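Worksheet for the structure shown next.
Bear in mind that the values here come from a model prediction, so they are computed numbers and not experimental data. If you read the sequence from its start, that first residue is 1, and numbering goes on from there.
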Amino acid sequence: ESISLDLIYGLPRQTPESFAATLDRVLEIRPARLAVYSYAHLPQMFKAQRMIKEGSLCPPETKLELMAQTVERLQGAGYVYIGMDHFALPEDELVAAQQSGDLHRNFQGYSTHARTDLIGLGMSAISDLGDAYSQNLKTLREYGDALEAGRLPLWRGVELDADDRIRRDAINELMCYSRLDLPELGRRFEIDASRYFATELAALEPLAADGLVSVEPDRVTVTDAGRLLLRPVAMVFDRYLAEAAATERHSKVI
């Protein structure tokens, strides 16, 4: 019933002028939703990317310019900025879900089905069932062999503990609604959320100084400028990032 289009900005040799031409074409199509992702350069994980010369990559300042250009153009064309690279027309159900409090963020992006199990089908797909995540095998041979043997083609999984569940809700609130109501989170999990996240609230101070967030005793609010950089705000609440950074398995924010 609707069309969703994915774009990538920050590609090798991409310029503000060339991406502006892409946006012109996209606005002619006028899809109901747009996901505009930053190019992730991870040559240590993807062999094909090792052929790309570092000098052809967009510098951070150009990627920021491309991101700002995209937000300005799409909002000027009537799209609502959902957050985290996603845009939708005002009549789209994503906008309605955000307004009603039913918006959710999963492995595929934003979803209108909050608090719903997600079953991933196909190689490397990730499932979110109850309080556990699991990922399927990554290669066609392994995936097919498992199915032929009558086994679920699972590669790995993790069961969330109490802290994981609290942090998941906190991060989801920030990603979906650009704010975190600490008393409400505390009631949900029977904790003093302000005390529980005392370290994280202190870590937000540099972002507050940069005008990206407003930190009050009972609430964290992402500013309009901060909504363009939701990831570093949400990352403050992720206790696994130090380990992930050591393995260099994640792309940079910009």
Side-chain angles (χ1 to χ4, degrees), residues 2-43 46 48-49 51-99 103 105-111 171 174-179 204 206-214 221-236 250-254:
S2 65
I3 294 174
S4 178
L5 206 60
D6 286 3
L7 301 177
I8 301 177
Y9 69 89
L11 290 168
R13 300 186 181 181
Q14 198 173 56
T15 66
E17 293 74 23
S18 67
F19 198 62
T22 297
L23 292 175
D24 288 340
R25 297 289 299 275
V26 167
L27 290 175
E28 290 177 6
I29 301 171
R30 200 168 175 79
R33 299 181 192 178
L34 278 163
V36 189
Y37 298 108
S38 172
Y39 168 69
H41 189 62
L42 295 167
F46 304 111
Q49 290 188 352
M51 300 175 67
I52 299 173
K53 295 180 179 179
E54 292 286 334
S56 69
L57 297 174
C58 282
E61 56 270 20
T62 300
K63 294 188 82 173
L64 276 172
E65 183 180 351
L66 290 168
M67 179 173 64
Q69 175 192 61
T70 300
V71 174
E72 181 179 354
R73 288 286 307 278
L74 295 181
Q75 286 186 326
Y79 283 86
V80 175
Y81 181 44
I82 301 296
M84 293 282 286
D85 314 321
H86 282 62
F87 302 81
L89 292 175
E91 59 272 18
D92 189 84
E93 61 178 352
L94 272 186
V95 177
Q98 190 173 51
Q99 293 171 346
L103 192 65
R105 177 92 184 177
N106 61 32
F107 297 102
Q108 297 299 313
Y110 286 101
S111 167
I171 291 171
L174 288 167
M175 288 182 171
C176 292
Y177 306 109
S178 299
R179 52 105 177 101
L204 286 173
L207 297 180
D210 288 337
L212 301 182
V213 295
S214 170
T221 305
V222 183
T223 65
D224 288 342
R227 293 191 71 216
L228 300 179
L229 294 165
L230 268 174
R231 278 185 177 84
V233 177
M235 285 161 61
V236 170
H250 297 281
S251 59
K252 297 178 181 179
V253 173
I254 298 295

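A donor-acceptor contact shorter than 3.5 Å links the side chain of R227 to the backbone of Y81. The backbone N or O of L94 sits less than 3.5 Å from a side-chain atom of D92, completing a donor-acceptor pair. Of the possible donor and acceptor atoms, one in the side chain of Q49 sits under 3.5 Å from a partner among the backbone N and O of A40. Between the Q98 side chain and the C176 main chain, a donor and an acceptor come within less than 3.5 Å of each other. In terms of modelled atom types and a separation under 3.5 Å, the side chain of E65 and the main chain of E61 share no donor-acceptor contact. With hydrogens and angles disregarded, a donor-acceptor distance shorter than 3.5 Å links the side chain of Y110 to the backbone of G83. Side chain of T223 to main chain of L212: a donor-acceptor pair is present (N/O by atom type, distance under 3.5 Å, no hydrogens or angles).
For D24, the CG atom sits in a packed shell: over 12 heavy atoms of surrounding residues, nucleotides or ligands are nearer than 6.0 Å. In this structure, E72 places its CD atom where only 12 or fewer heavy-atom neighbours from other residues, nucleotides or ligands lie under 6.0 Å away. Annotation: I3, atom CD1; neighbour count of heavy atoms from other residues, nucleotides and ligands within 6.0 Å does not exceed 12.
Between D210 and L229, the closest side-chain pair of non-hydrogen atoms is not below 4.5 Å.
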(request) Please lay out, stage by stage, how T70 and L23 fare under the test side-chain contact (heavy atoms from CB on, under 4.5 Å). (result) CA-CA 8 Å; T70 300; L23 292 175; 4.2 Å; yes
(message) Evaluate R33 against E93 for side-chain contact (heavy atoms from CB on, under 4.5 Å), listing each step before the verdict.
(response) CA-CA 10 Å; R33 299 181 192 178; E93 61 178 352; 3.2 Å; yes
(request) Would you please test L66 and Y39 for side-chain contact (heavy atoms from CB on, under 4.5 Å) and show each step? (result) CA-CA 11 Å; L66 290 168; Y39 168 69; over 6 Å; no
(message) Determine whether H86 and Y37 satisfy the following criterion, side-chain contact (heavy atoms from CB on, under 4.5 Å), listing intermediate values before the conclusion.
(response) CA-CA 8 Å; H86 282 62; Y37 298 108; 3.5 Å; yes
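Atoms OH and CG, on Y9 and L64 in that order, are 7.5 Å from each other to the nearest 0.5 Å. Separation of atoms CG (L74) and CD (Q69) is listed at 9.5 Å; rounding is to 0.5 Å. From M235, atom CE reaches atom CG of L207 across 10.0 Å, with rounding to the nearest 0.5 Å.
The nearest pair of heavy atoms linking I82 to L103 is CG2-CD2, 3.8 Å. When all heavy atoms are compared, the tightest approach of C58 to L11 is SG-O, 3.4 Å. The heavy-atom pair separating L57 from P12 by the smallest distance is CD2-CG, 4.0 Å.
A cation-pi arrangement, defined by a distance under 6.0 Å to the six-membered ring centre and an angle within 45 degrees of its axis, is present between R30 and Y79.
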